[in-house]
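Following: one structure in structure tokens, then a few remarks.
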Amino acid sequence: MPEPAQVMVITPHPDDAEIGGGGTVAHWTGEGKDVIYVVCTNGDKGTSDINMKSEELARIREQEQLTAAKLLGVREVIFLRHPDQTLEDTPEFRKEIVRLIRMYRPETVVTTDPYRRYIWHRDHRIVSRVTLDAIFPYARDVLAYPDLLEQGLQPHKVKEILLWGSEDPNYRSNITDTFDIKIAALRCHKSQISDNSSSGLEERLRERHKMMAEGEDYELAEAFHRVEILR
Ligand SMILES: [Zn+2]
């Protein structure tokens, strides 16, 4: 059984975790918290390069994700390697997430918000819905998976969920000191950054994170919808 981790970030594609919560992750690892990533898809459709092959892109994106995670001090990256744009809310996928939650026993799970209206990547919607179900009640309930119990995977209660990309943020994390490392981690995802988007990347994100910090006594924030699980 692996060492438990305080924080598990469950992310649809390589690069989403850095966009949604890279500054917060850097803050946590700087405090000595153990953070692990679960990357659900291999991101093999994420290109506008007509000459790029899916297998090659998946290989590149995995390396980019490892480099970015290392920079942020993430302890371990688990790749589930589902093909991009194919995730469904199935019992199999749910069990895969339950198994990992029971193995690593995180206090906090971070993922994307499933309840964004209108345009939202289907993989994002599915990953977060399945993650919320996996946390409660499936990872918690002793009789949910007798076979996992037999394998020594005891039930586990997650205490806190943070959802990025939310239309209804109720929690902000101060990333003023970790903004630069967030940008550096994002730049590791070279296959996802065109020359055009690269030039204004830092300025655009600084503006976005300033807006998220509006009303606070610090400059830059990442915003989440936070759910505390009391039972
Ligand atoms: Zn994504």
Side-chain angles (χ1 to χ4, degrees), residues 7-26 35-49 52-72 74 77-90 93-94 96-97 100 109-135 161-169 173 175 182-194 196-198 201 204-205 208-209 212 222-225:
V7 180
M8 176 180 277
V9 181
I10 304 180
T11 177
H13 308 103
D15 82 352
D16 291 322
E18 281 74 40
I19 297 168
T24 306
V25 165
V35 179
I36 65 160
Y37 276 11
V38 177
V39 183
C40 297
T41 78
N42 62 11
D44 70 354
K45 313 278 194 301
T47 187
S48 50
D49 177 357
M52 178 61 83
K53 297 277 177 285
S54 277
E55 309 80 67
E56 173 69 357
L57 183 59
R59 195 190 58 72
I60 292 170
R61 296 198 69 184
E62 200 162 304
Q63 284 310 310
E64 291 172 345
Q65 180 64 92
L66 284 170
T67 311
K70 193 171 177 196
L71 200 64
L72 295 174
V74 171
V77 184
I78 297 155
F79 293 101
L80 301 185
R81 299 191 177 109
H82 293 287
D84 202 349
Q85 302 181 2
T86 65
L87 286 178
E88 294 297 339
D89 184 346
T90 62
F93 183 36
R94 189 191 317 139
E96 204 173 11
I97 301 295
L100 290 167
V109 170
V110 188
T111 188
T112 177
D113 190 319
Y115 300 114
R116 256 180 102 120
R117 290 169 296 173
Y118 313 119
I119 301 300
W120 197 215
H121 198 300
R122 181 173 172 78
D123 288 339
H124 288 221
R125 210 180 293 126
I126 300 286
V127 163
S128 44
R129 255 174 50 186
V130 168
T131 297
L132 290 176
D133 288 343
I135 291 169
I161 307 166
L162 295 179
L163 305 170
W164 73 70
S166 180
E167 292 177 345
D168 180 25
S173 130
I175 63 157
K182 173 183 173 116
I183 297 294
L186 270 171
R187 288 196 188 285
C188 295
H189 297 281
K190 291 194 182 75
S191 70
Q192 302 303 300
I193 305 174
S194 67
N196 264 346
S197 65
S198 178
L201 180 73
R204 277 199 315 279
L205 283 175
R208 185 194 293 179
H209 291 300
M212 289 180 179
E222 280 171 347
F224 302 90
H225 186 84

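Just follow the structure's listing: the first ligand is 1, and inside any ligand the first atom is 1. FYI, the numbering just counts along the sequence from 1. As the structure is a computational prediction, the values presented were derived from the model and not from experiment.
Every salt bridge (Lys or Arg N to Asp or Glu O under 4.0 Å) that R129 has, sequence neighbours left out, goes to D89. Listed by chain and number, the residues in a salt bridge (Lys or Arg N to Asp or Glu O under 4.0 Å) with E167 are R117 (sequence neighbours excluded). Every residue two or more places apart in sequence or in another chain that forms a salt bridge (Lys or Arg N to Asp or Glu O under 4.0 Å) with E62 is listed here: R81.
More than 12 heavy-atom neighbours from other residues, nucleotides or ligands sit within 6.0 angstrom of CZ on R204.
The distance cut-off of 2.8 Å around the Zn ion (ligand 1) captures these protein N, O or S atoms, sorted by chain and number: H13 ND1, D16 OD1, D16 OD2, H124 NE2.
A heavy-atom distance below 4.5 Å is found between the side chains of Q65 and F79. In this structure, L132 and P114 have side chains that are in contact, with non-hydrogen atoms separated by less than 4.5 Å.
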